[in-house]
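In what follows, a single structure is set out as structure tokens and then discussed.
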2 protein chains.
Amino acid sequence: MSSAVDEGPRPGGRPSGAPTIYDIARLADVDPSTVSRALNRPGRVNAKTVERIMAAAEQLRFRVNPIARALPTGRTRTLAVLVADITNPVVFGIIRGAAQEAAAHDYTLLIAESEESGEREATAARRLLHSADGLILATTRLDDAAIRALAREKPLVTINRDVGGAVVGVLPDLAAGVGAAVEHLVALGHRVIGYLPGPATSWISERRREAIEEAVRARDAEVVVFGHTAPTREGGAAAVDALVRSPATAVIGYNDLMMLGVLAAGAERGLDVPGDLSLIGFDDIFGSDFTTPPLTTVRMPLLEAGRRAVRTLLTSENTGELLPTELVLRASTGPRT
Amino acid sequence: MSSAVDEGPRPGGRPSGAPTIYDIARLADVDPSTVSRALNRPGRVNAKTVERIMAAAEQLRFRVNPIARALPTGRTRTLAVLVADITNPVVFGIIRGAAQEAAAHDYTLLIAESEESGEREATAARRLLHSADGLILATTRLDDAAIRALAREKPLVTINRDVGGAVVGVLPDLAAGVGAAVEHLVALGHRVIGYLPGPATSWISERRREAIEEAVRARDAEVVVFGHTAPTREGGAAAVDALVRSPATAVIGYNDLMMLGVLAAGAERGLDVPGDLSLIGFDDIFGSDFTTPPLTTVRMPLLEAGRRAVRTLLTSENTGELLPTELVLRASTGPRT
DNA sequence: TTGTAAGCGTTATCAC
DNA sequence: GTGATAACGCTTACAA
């Protein structure tokens, strides 16, 4: 066969030369329906017959055609992850966890990136509705109403976002990690703590802000909230000026990625971290431990989030339990000077 | 709808409540086959009829069911990427590129991880054969024969591996990047250059070694080849002892990931890079630029590799052209002291 | 326990 | 230009 997917007509309408249950049936001298039964519910078929059928299947190197199976059943054994930006290291963790858990349940994972607007994402989601048994919305740009509408059509879970209603979200327990982070800063003598938020539309960015505000309120310090910032290294780099000019002696950023940008751009202009400014991120992405200084961060169990999302979809056993977060102490935080 | 994928029987055998071409046909008062035609080859249908059909489709918010379409056509508009280890940052780049290009052609990407043995990978691949129109083997552990067998059944392309025969591989032009790397080291005064190879089974690791040996041969220096090493940070960390004891004053590693490990473990034991030892990696993965010192590396166009793989699958226009590699100069290399 | 037959939502081959 | 009709490969009542 050539390497091109769309090359040449398939002969006789037979799309692939792969063996079917009909081939097995002929070989084992039974009806195709019996083959189907033997394959799916061996208990409902005579043991000897099952044996014969299995032998034939083996001999023909038969694999059920999941597409053909999906048509009558409506089940594809496929789960889809929809992400706005596959570039984001946060989604790596999620995808990885989801892929592993899916594989464990013998499901396949579909990845769709919406890159652009929520509009594009909605289109992608609607397409996926047919091909997947469930949807995982990871860094979605859809609005609550759109998500709820989708959830009415297919099992769906969101990650790091709660849209309320009947929609299940895999959410972090921010209090623990954020509490520890703020406590840590206060113990180091910081009294003015900055928060560098992500995009205005990010649900989780606002939750992180709230958690910080609450933790600070309980601890005789104050919060300065900066302007909304792109959750990228570039975004962080662009924010350095504002951070430096503010009275904050420590800044918690919406995510590690932008703090990596702060670190890099800061270093270029002689900013001493943590001497001049202490920095904390969120997520604990790959790479946040080998910057200079390595980044102190509130770890989100990304892998577990992906796993949990799949498990929720597959078993519906959603305990509603929040994923634990924890402070990972590294060297980007130090005493106020 | 509940959140569980496998919950409750679907009523009446009708798997989904989604509108079908039959619904459109009724609404537009034509035969379903005409609807299908209008949707696929509007030219072959009366313009007015097409209009009516489109309006009806719009009104019903119709989306073709890709599963149902795939059955008679044998085409799923889905491409599968098979990777051994989704943890590897190298595959991020590849997946990202593949996902983008696939989306651009209105194809969906399936991710499968084989984690374990080549055996497991073979099973995964055979399953995928039914669901995908083409296969991309990214960090495969399959042997040449198995790959060629798969390629006989479905369009297939390998990345960073050449199995010969009719199988297309997306391969790098190592000479340029490796030549520059060796040239750079020699110019810095290094005369004994080490190569820290990846796993013994890695095809591309051997090519990298050959490229280095060839480049060194041309430049009055010599190569020391270390033992095969796991292509992970742990692998690199474990190799530090050997590197330090060897006469090599500069080491090129199979990939960035392991060099990150060398860097971290080396720093712990007071190894000065590049003072004591110059280090070069391969790939230029995310994160290799924010270590201390940032890693000099031979960049592989990972994103482009993913893109190219998809394009090759979709258009069969494989020019056989090798992807350019280049030396990215950072601070992990310095003069021999 | 097994066979018969209808149906899943499309596409494709015929006629008309 | 459009309508019947038969696939595609599998599942699933319902009968036997």
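Chain identifiers are assigned alphabetically (A, B, ...) following the order of the sequence lines, protein sequences preceding nucleic acid strands; residue numbering begins at 1 within each chain. Heavy-atom basis, side chains included; hydrogens, waters and symmetry copies ignored.
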For A/Asp29, look at atom CG and say whether over 12 heavy atoms of other residues, nucleotides or ligands are found less than 6.0 Å away. no
In whole angstroms, the gap separating P of C/dT10 from CG of A/Leu71 amounts to 9 Å
Protein heavy-atom contacts under 4.0 Å, written 5' to 3' over nucleotides 11-16 of chain C as B (base), S (sugar-phosphate only) or - (none), form the string BBB---
In whole angstroms, the gap separating P of C/dG9 from CD1 of B/Ile24 amounts to 13 Å
Residue pairs meeting salt bridge (Lys or Arg N to Asp or Glu O under 4.0 Å), one or both in residues 157-171 of chain B, sequence neighbours left out, come to B/Asp144-B/Arg161
A/His130 NE2 to C/dC8 C1', in whole Å, measures 12 Å
Residues passing the side-chain contact (heavy atoms from CB on, under 4.5 Å) test with A/Leu303, sequence neighbours excluded, are A/Arg96, A/Gln100, A/Arg307
In whole angstroms, the gap separating P of C/dT2 from CD1 of A/Ile53 amounts to 8 Å
Hits for side-chain hydrogen bond (donor to acceptor under 3.5 Å, both in side chains) against A/Thr158, two or more places apart or cross-chain, chain-then-number order -> none
Just distance, no hydrogens or angles: give the donor-acceptor pairs under 3.5 Å from side chains in residues 43-58 of chain B, sequence neighbours left out.
residue, atom, partner, partner atom, Å
B/Asn46, OD1, B/Lys48, N, 2.7
B/Arg52, NE, B/Ala28, O, 3.1
B/Arg52, NH2, B/Ala28, O, 2.9

A/Arg44 CZ to D/dT11 P, in whole Å, measures 15 Å
B/Arg52 atom CZ is separated from D/dG3 atom C1', nearest whole Å, by 13 Å
In whole angstroms, the gap separating P of D/dT11 from CZ of A/Arg75 amounts to 13 Å
The nucleotide from D/dG1, C/dC8, D/dC10 with an atom nearest the side chain of B/Asn46 is D/dG1
Donor-acceptor pairs under 3.5 angstrom involving side-chain atoms of residues 31-38 of chain B: please list them, not counting sequence neighbours.
residue, atom, partner, partner atom, Å
B/Asp31, OD2, B/Ser33, N, 2.8
B/Asp31, OD2, B/Ser33, OG, 2.7
B/Ser36, OG, B/Asn40, ND2, 3.4

